[in-house]
Amino acid sequence: MTSSHSPSSATSPSVTPYDDMTPVTRAAYRARAAAAEIAPLPRAAKDDALLAIADALEVRTSEIVEANAEDVARAREAGTSESIIDRLTLTPERVRAIAADVRDVAALPDPVGEVVRGSTLPNGIDLRQVRVPLGVVGIIYEARPNVTVDAAALCLKAGNAVLLRGSSSAYSSNTALVRVLRDAVGGAGLPADAVQLVPGESRDSVRELMRARGLVDVLIPRGGASLIRTVVEESTVPVIETGTGNCHVYVDARADLDMAVDILINSKAQRPSVCNAAETLLVHRDIADAFLPRALDALAEAGVTVHGDERVQSYAGASKATVVAATTEDWETEYLSYDIAAAVVDSLDAAVAHIRLWTSGHTEAIVTTSQAAARRFTQLVDSTTVAVNASTRFTDGGQFGFGAEIGISTQKLHARGPMGLPELTSTKYIVTGDGHTR
């Protein structure tokens, strides 16, 4: 930041010396003024803006897809991996799905003003803890333009202003999307500055956003391990850490084999480029003979390469699968591709030990018909989400009924797991007395 002016002046833009500021600081001041304006609005005003956004996305789909095509073309020319290109790509169908998610957010209860707890104290004072907006939320994210809309919708519904800093690889897409969002928000009577794209494509603008303490209330990074680590380690603004997805599927000794195959393939291959896709398969030794030949064949049909330990490799000869020797690096890798690490374990506790050693803390699944095994697994595994007889792909704000999500937090403070509307609020205490003095 190049200005030493107090953030409190942001509520009076006419006296704020914008000319002395960098573009990023200017955007942050405008966001702070917009946040103050949005915070007290009733639900109806915010919902009207969200519905206007959804309508505008559908009406202007061709404009958005055309801009996205520029990003995709540049990515292909640069030799970007197909998993990243898949995340980057917007089709008319995906734009319609994004618009539907925005409408889902509009239909959700407004968290602002919710009483978290309250009581009348012995001295007669009325005490209430209520939800309030966070204020200005900065989102730093990689090549996923859908995040632009998801983040804006959730932040607006929770009464926040949002500063969006996507990657340069999605610059054309994000510019078009934010133009649509701002037109819709302004047309609905809310300040357009509640949604802004952080100016600049260089890393300098990211660094400045990370140091805008006092103007930006919280930063949320979404992307790979390197991005998240950089934001966590270098930011002076408080950070809610979203995490990578080294997710595991454990097939227990007492598993339904048909169910186990279905869950494994869905977890790994339904959409491998996302953080809730499975990256490691663990199989109890007692069921390995019956399960692994079927699993390897199914993985081969899905086009998945298996990185197996010695025991998994021993089953490769009788299958169609491509099985390569697993290295230590494979156990910690988030592939985001048609690859999976696989090992045979001697017990449920051995599976848990493997998971606790290598997991990123995102999602782990057990397939079992044993209630005791399921109970022990859910007690011992310390990740944001533990699935019993269900795919890892369900760890998602939309699937959980939260509407779109702002990210999946793998930390333990403030928020954990898929972050919906309540996680985009803080609280304050309202103390009401009748002339009380202490």
Side-chain angles (χ1 to χ4, degrees), residues 10-11 13-14 16 18 21-39 41 44-68 70-71 90 95-96 98-103 105-106 133-141 144-168 170-201 205 209 212 215-217 220 404 406 424:
T11 56
S14 61
T16 302
Y18 288 132
M21 300 177 184
T22 67
V24 174
T25 304
R26 193 177 304 131
Y29 263 95
R30 291 201 304 266
R32 199 155 190 86
E37 194 173 332
I38 292 171
L41 290 179
K46 294 182 288 187
D47 287 352
D48 286 347
L50 293 177
L51 295 174
I53 287 173
D55 291 343
L57 288 170
E58 292 181 338
V59 169
R60 298 169 68 174
T61 294
S62 60
E63 173 186 341
I64 295 164
V65 172
E66 182 177 340
N68 177 252
E70 298 174 10
D71 291 329
L90 290 177
V95 174
R96 284 195 292 272
I98 293 169
D101 286 342
V102 175
R103 292 191 178 95
V105 173
L134 287 170
V136 177
V137 179
I139 314 290
I140 301 175
Y141 55 106
R144 294 187 64 175
N146 64 295
V147 173
T148 301
V149 182
D150 291 348
L154 286 165
C155 286
L156 285 173
K157 178 79 176 195
N160 302 298
V162 63
L163 292 169
L164 299 157
R165 181 49 168 89
S167 61
S168 58
Y171 186 77
S172 296
S173 306
N174 291 335
T175 299
L177 286 167
V178 170
R179 183 166 55 243
V180 172
L181 295 173
R182 286 173 59 85
D183 288 349
V185 169
L190 273 62
D193 283 338
V195 181
Q196 296 182 70
L197 198 63
V198 174
E201 295 183 65
S205 66
L209 181 63
L215 290 172
V216 179
D217 293 289
I220 303 173
I406 204 76
L424 286 171

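Residue numbers count from 1 along this sequence.
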Open item on the list: Could you check whether atom CD of Glu201 has more than 12 heavy atoms from other residues, nucleotides or ligands sitting under 6.0 Å from it?
Closed with: yes

Check: [X] side chain, [Y] main-chain N or O, donor-acceptor pair, under 3.5 Å:
| X | Y | value |
| --- | --- | --- |
| Gln196 | Ala27 | yes |
| Lys157 | Ala106 | yes |
| Asn68 | Ser173 | no |

TODO: Say whether Arg96 and Thr61, considering side chains only, have a donor N or O and an acceptor N or O under 3.5 Å apart.
DONE: no

Distance-minimising heavy-atom pair for [X] and [Y]:
| X | Y | answer |
| --- | --- | --- |
| Val216 | Ala28 | CG2-CB, 4.4 Å |
| Ala56 | Ala184 | CB-CB, 4.1 Å |
| Ala194 | Ile38 | CB-CD1, 3.0 Å |
| Pro133 | Gly159 | CB-O, 3.4 Å |
| Pro199 | Val24 | O-CG2, 3.8 Å |
| Ala99 | Leu57 | CA-CD1, 4.0 Å |

Open item on the list: Before you tell me yes or no, could you show the steps for Asp150 and Tyr141 under side chain to side chain contact (heavy atoms under 4.5 Å, CB included), namely the whole-Å CA-CA distance, both residues' side-chain angles and the distance that decides it to 0.1 Å?
Closed with: CA-CA 12 Å; Asp150 291 348; Tyr141 55 106; over 6 Å; no

TODO: Determine, step by step, whether Cys155 and Leu134 satisfy the side chain to side chain contact (heavy atoms under 4.5 Å, CB included) criterion, reporting the C-alpha distance in whole Å, the side-chain angles of both residues, the deciding distance to 0.1 Å, and the verdict.
DONE: CA-CA 9 Å; Cys155 286; Leu134 287 170; over 6 Å; no

If you round to the nearest 0.5 Å, how far is [atom2] of [Y] from [atom1] of [X]?
| X | Y | atom1 | atom2 | value |
| --- | --- | --- | --- | --- |
| Leu197 | Thr175 | CG | OG1 | 5.0 Å |
| Leu163 | Ser205 | CG | OG | 11.0 Å |
| Leu190 | Leu156 | CG | CG | 7.0 Å |
| Asp101 | Leu50 | CG | CG | 12.0 Å |
| Asn174 | Asn146 | CG | CG | 9.5 Å |

TODO: Would you check, one step at a time, whether the test salt bridge (charged side-chain N to carboxylate O under 4.0 Å, His left out) holds for Arg103 with Asp55?
DONE: CA-CA 9 Å; Arg103 292 191 178 95; Asp55 291 343; 2.8 Å; yes

Is there side-chain contact between [X] and [Y], with heavy atoms separated by less than 4.5 Å?
| X | Y | answer |
| --- | --- | --- |
| Val195 | Leu164 | yes |
| Leu424 | Ile220 | yes |
| Val136 | Leu215 | no |
| Leu181 | Thr148 | yes |

Task: With Asp193, the salt bridge (Lys or Arg N to Asp or Glu O under 4.0 Å) member among Arg26, Arg182, Arg32 - done: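 Of the listed residues Arg26, Arg182, Arg32, the salt bridge (Lys or Arg N to Asp or Glu O under 4.0 Å) partner of Asp193 is Arg182.
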
Task: Residue that, paired with Val149, satisfies side chain to side chain contact (heavy atoms under 4.5 Å, CB included) out of Val95, Leu177, Val180 - done: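 One option only clears the test, and that one is Leu177.
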
- [ ] Mind checking side-chain contact (heavy atoms from CB on, under 4.5 Å) for Asp183 and listing every partner two or more places apart, or none if nothing turns up?
- [x] Arg60, Arg179

TODO: Quick one: list whatever passes side chain to side chain donor-acceptor pair (under 3.5 Å) with Arg144, sequence neighbours left out.
DONE: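 Partners of Arg144 under the side chain to side chain donor-acceptor pair (under 3.5 Å) test: none.
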
- [ ] Could you list the residues that satisfy side chain to side chain donor-acceptor pair (under 3.5 Å) with Asn160, not counting sequence neighbours?
- [x]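 Not a single residue meets the side chain to side chain donor-acceptor pair (under 3.5 Å) criterion with Asn160.
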
Open item on the list: Let's go through Val105 and Leu154 carefully: what are the C-alpha distance in whole Å and the side-chain angles of both, what is the deciding distance for side chain to side chain contact (heavy atoms under 4.5 Å, CB included) to 0.1 Å, and is it a yes or a no?
Closed with: CA-CA 7 Å; Val105 173; Leu154 286 165; 4.1 Å; yes

